[in-house]
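Data block below; observations after.
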Amino acid sequence: QVQLVESGGGLVQAGGSLRLSCTFSGRTFSTNSMAWFRQAPGKEREFVAGITWGDSSTYYATSVKGRFTISRDNAKNTLYLQMNSLKPEDTAVYYCAATSTEGILTQASAYSYWGQGTQVTVSS
């Protein structure tokens, strides 16, 4: 099992920044790819950004490319999402996810482990 705990959400004005963190523990040797997803009220959970463990390749949803950056700190067992130039449409609950599968994975169904989510609210 892998445990994921997100933090760093909050209320911010449009144009502002937030950094989300996801600390993971447990059978971390079984973790290969990790990602951030988000879900707004009444909408499907959508992929935001992902990172592969082997070569640290990163990939982003078109809607956040150039504004968000995913990264990880192996020593701290922590995944990050730096969010800049935030927009009201970025408002959602953000989830950290992990899988033992290596590769570029944008489907929620590909991830076995999920955090509890952290709320991000961007005011206009």
Side-chain angles (χ1 to χ4, degrees):
Q1 286 283 37
V2 175
Q3 292 78 44
L4 307 173
V5 179
E6 303 99 334
S7 61
L11 174 64
V12 64
Q13 288 189 330
S17 298
L18 281 174
R19 187 176 79 158
L20 305 183
S21 299
C22 172
T23 301
F24 49 94
S25 60
R27 292 168 58 95
T28 55
F29 62 84
S30 65
T31 297
N32 279 329
S33 294
M34 296 190 73
W36 290 95
F37 285 76
R38 66 186 181 187
Q39 188 166 19
K43 294 189 176 181
E44 297 285 323
R45 189 168 298 190
E46 65 173 355
F47 169 81
V48 175
I51 185 167
T52 60
W53 224 246
D55 61 1
S56 298
S57 295
T58 59
Y59 46 105
Y60 300 90
T62 302
S63 58
V64 307
K65 201 167 186 178
R67 300 188 297 123
F68 291 11
T69 302
I70 188 172
S71 63
R72 69 170 195 252
D73 185 327
N74 290 344
K76 296 182 179 180
N77 276 2
T78 303
L79 180 74
Y80 299 103
L81 184 68
Q82 178 66 44
M83 306 186 294
N84 298 328
S85 302
L86 282 161
K87 305 175 181 179
E89 50 263 45
D90 294 318
T91 295
V93 176
Y94 283 70
Y95 297 91
C96 171
T99 177
S100 59
T101 303
E102 180 73 7
I104 299 174
L105 305 167
T106 62
Q107 297 296 317
S109 58
Y111 291 84
S112 304
Y113 306 105
W114 293 85
Q116 81 289 350
T118 185
Q119 176 71 46
V120 172
T121 303
V122 184
S123 63
S124 57

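In this chain, residues are counted from 1 in sequence order.
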To the nearest 0.5 angstrom, please state how far the CG atom of Leu18 sits from the OG1 atom of Thr118.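 So the CG of Leu18 and the OG1 of Thr118 are separated by 9.0 Å.
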
Nearest 0.5 angstrom please: Asp73 CG to Ser21 OG, how far?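 So the CG of Asp73 and the OG of Ser21 are separated by 10.0 Å.
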
Any side-chain heavy atom of [X] sitting closer than 4.5 Å to one from [Y]?
X: Glu102; Y: Thr52; result: yes
X: Thr91; Y: Gln119; result: yes
X: Trp36; Y: Leu79; result: yes
X: Met83; Y: Asp90; result: no

Heavy atoms only: give me the nearest [X]-[Y] pair and the separation to one decimal.
X: Tyr59; Y: Gly103; answer: OH-O, 3.4 Å
X: Thr101; Y: Ser33; answer: O-OG, 3.1 Å
X: Ala49; Y: Leu81; answer: CB-CD1, 4.1 Å
X: Ser63; Y: Arg38; answer: OG-NH2, 3.5 Å
X: Pro88; Y: Ala14; answer: CD-CB, 4.1 Å

Please check if the side chain of Tyr111 supplies one atom and the backbone of Leu105 the other of a donor-acceptor pair under 3.5 Å.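 Judged by distance alone, yes, a pair lies under 3.5 Å.
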
Checking Ser85 side chain against Arg67 main chain: does a donor-acceptor pair fall under 3.5 Å?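 Flag not set: sc Ser85 to bb Arg67 has no pair under 3.5 Å.
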
Validation row, ring centre Phe24 to ring centre Tyr113 under 6.0 Å: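 For Phe24 and Tyr113, the ring centres are not under 6.0 Å apart.
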
In this structure, are over 12 heavy atoms from other groups packed under 6.0 Å from Gln107 atom CD?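 No, CD of Gln107 has 12 or fewer neighbouring heavy atoms, counting only those of other groups under 6.0 Å.
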
Evaluate side chain to side chain contact (heavy atoms under 4.5 Å, CB included) for Ser71 paired with Gln82, printing each intermediate quantity in order. CA-CA 8 Å; Ser71 63; Gln82 178 66 44; over 6 Å; no

What orientation do Tyr94 and Phe68 show, parallel under 30°, tilted 30 to 60°, or perpendicular over 60°?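 Tilted, since the angle between the ring planes falls between 30° and 60°.
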
